[in-house]
Amino acid sequence: MVTDFLKTCCADPMKLIGEWFVILPALVLLLAAAAAVVMRNLIHAALLLTLSFIALGIVFIALGAEFVGFVQLLVYVGAVAMVIVFSILLTKPDQLTKSRNLLSGFAPAAGVAVAFTALAALLGFIFSSPLAKKPMPAPASAPVAAIGEALMGDYVIALIVLGILLTAALVGAAVIAMEDKP
Amino acid sequence: MISSLESAPIDVLHWFLGLLGSFGVPAWILAIISALIIIGTIIGVFLSLFALTSVMERKILARVQNRYGPNRAGPFGLFQPIADGIKMITKEDLVPRTADWIVHFLAPVVMMVPALLVLAIIPYGRDMVPAELDAGILYFFAVGAGTEVAVFMAGWGSNNKYSVLGAMRAIAQMISYELPLVISAIVTAMISGSLSPSAIVSAQGGFAFGFVPQWFALTPWGFTAGLIFYICALAESNRSPFDLPEGESELVAGHLTEYSGFKYATFFMAEYVGMFAICGMFVTLFLGGWQAPLPFLDIIPSWCWFLGKVCFVAFTMIWVRATLPRLRIDHLLAFAWKFLLPMSFAAFLSAACWHYAGRGPLAWILSLAIVGIPYLLLGNAFTNRFSVSRRTYLFSE
């Protein structure tokens with residue numbers, strides 16, 4: 001068993017290291033996300049959520065989707081995590097530490113059971129669907145230039161519509177934040 | 001001789017790896033060793049640059065303010081960093097009793113990680129990029145986003161009102177200045193058609209009329225974008241005149257208030273390494289990276305040029321610190337959103353027109369106009385608000 005392991009290690013160590021570059025961040029991602037749900041301290045929960053965002057970015061990068069990984073880091077760590085943190089900072093401090101437990105008794109366990117049942121059912125449907133029976137496609141390399149050309153070529157209308165949507169959201173935020181003139 | 005100096009660092013590395021290989025070390029261990037050597041060299045160079053700058057900064061500030069500066073430790077006070085280091089290490093490490101000690105402890109570590117990680121994609125010389133990435137610039141900003149998390153952790157973990165206020169200011173400032181920073185960097189990527197730093201450097205190669213370097217900083221849009229990038233770099237590395245998060249006169253030391261000893265030193269170090277990284281990015285994007293400014297100066301190795309340019313940009317940052325007073329927080333944010341952001345959009349449009357007008361005389365006129373007119377209008381709108389009236393003194397005269 002051990003010699004087998006060492007043999008595979010020495011035969012292609014880089015591949016093994018590459019696999020662990022995916023598995024380790026994925027484990028960190030799952031643990032951090034679970035801990036973020038369980039934590040009572042809101043700030044710790046937010047920071048653990050940020051850690052899970054970072055781990056997800058590393059998983060993307062390790063799987064070869066560099067661009068998606070970097071965008072994940074830039075948007076989720078740089079912006080979304082900061083929005084969460086800011087909204088916590090702007091709430092009253094005594095609400096942070098003493099967040100009341102809304103559910104009691106069997107309710108949490110029942111909730112977890114429902115969630116896992118739904119997950120199991122959906123996974124069952126997904127794996128029995130015709131999509132899952134298709135052979136695995138070869139890993140596609142996606143250079144940044146190709147992604148850019150796709151965004152500005154085939155998907156340019158979607159891109160522009162998204163841009164307009166975001167601009168509208170930004171204008172709306174500015175209008176809400178604007179002081180009313182007396 | 002000259003060409004051997006040019007590639008000397010790489011040659012030494014290859015010679016050492018070849019030596020190890022002749023002893024029968026397997027290839028994959030060699031790959032790891034070579035990566036470790038490169039990482040060690042970069043960290044070593046930047047940490048010694050940090051030590052040197054910490055004393056040079058105090059010397060330059062002293063010169064500007066007409067005093068001596070540090071001159072006790074060693075000749076000209078050159079051993080001051082060693083004295084500082086020993087002081088920092090031997091100091092007591094204080095943690096406030098009410099602090100969130102895990103977050104308080106982790107903040108300096110989290111601060112250091114992005115500062116070191118961003119050094120990976122900077123082209124230090126011809127064929128000297130530690131990590132050649134397709135999306136290098138994106139990587140730079142994506143990893144740099146971690147700094148904000150660290151500042152927040154430091155501010156919140158300390159459980160001190162000055163720390164939280166300082167952290168909130170710092171995050172507001174970093175988020176606001178990140179937009180013009182990224183947009184002005186994207187302009188160079190747009191013109192050179194790549195997000196990879198080495199491609200952007202090679203797009204700035206060659207000389208017009210045989211002696212004018214074709215750096216992006218020497219075009220109308222590049223000058224504007226470069227200036228915006230420089231100002232935002234000052235703000236991102238929390239340096240004066242944008243150092244309000246640590247404004248001593250109002251916030252003690254902002255998010256650093258409750259830190260002492262080596263944790264404080266780590267913050268300090270991360271800030272300086274981050275400053276060098278962003279200076280390196282500025283040089284790469286706008287000042288031609290490792291390229292020599294004049295054709296006959298090519299005999300000096302490219303990595304010397306890069307280091308020299310980075311040191312010069314760092315020197316101008318110290319110079320600015322000695323010259324300009326600190327801004328007020330609302331002025332600071334208004335400056336980012338109402339002036340720098342529209343100007344970076346103008347630089348963006350100007351660069352696009354410059355490219356499609358053929359990069360000739362017409363392109364120059366067009367892009368100058370597209371940058372210049374918004375500058376005049378915005379500048380007027382900004383300065384008209386602050387009309388200076390004659391000051392009257394009640395109890396003197």
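Sequence lines set the chain letters: A, B, ... in the order given, protein chains first and strands last, and positions in each chain run from 1. Quick caveat, the model's predicted, so the values are computed rather than measured.
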Checklist outcome for this item: CD1 of B/I137 to CZ of A/F70, rounded to nearest 0.5 Å, is 12.0 Å
Checklist entry - Does atom CZ of B/F282 have more than 12 heavy-atom neighbours from other groups under 6.0 Å away? => result yes
Checklist entry - From A/E66 CD over to B/L138 CG, what is the distance, rounded to the nearest 0.5 angstrom? => result 9.5 Å
Checklist entry - Does atom CG of A/L166 have more than 12 heavy-atom neighbours from other groups under 6.0 Å away? => result yes
Item to check | Choice from B/A142, B/G157, B/A172 maximising heavy atom contacts with chain A below 4.5 Å | outcome: B/A142
Checklist entry - Where on B/V149 is there a heavy atom nearer than 4.5 Å to chain A: the side chain, the backbone, both, or neither? => result both
Item to check | Minimum-distance pair of heavy atoms, taken over all atoms of B/A145 and A/G78 | outcome: CB-CA, 3.5 Å
Checklist entry - Between B/F152 and chain A, which part of the residue has a heavy atom less than 4.5 Å away: side chain, backbone, both or neither? => result side chain
Next on the checklist: For B/M153, run the side chain to side chain contact (heavy atoms under 4.5 Å, CB included) check against A/T50, A/I43, A/L47, A/V85 and tell me which one passes.
Outcome noted: A/L47
Item to check | B/V164 versus chain A, the contacting section by heavy-atom distance below 4.5 Å | outcome: side chain
Checklist entry - Does CZ belonging to B/F141 count more than 12 external heavy atoms closer than 6.0 Å? => result yes
Item to check | Part of B/M168 within contact of chain A (heavy atom distance under 4.5 Å) | outcome: both
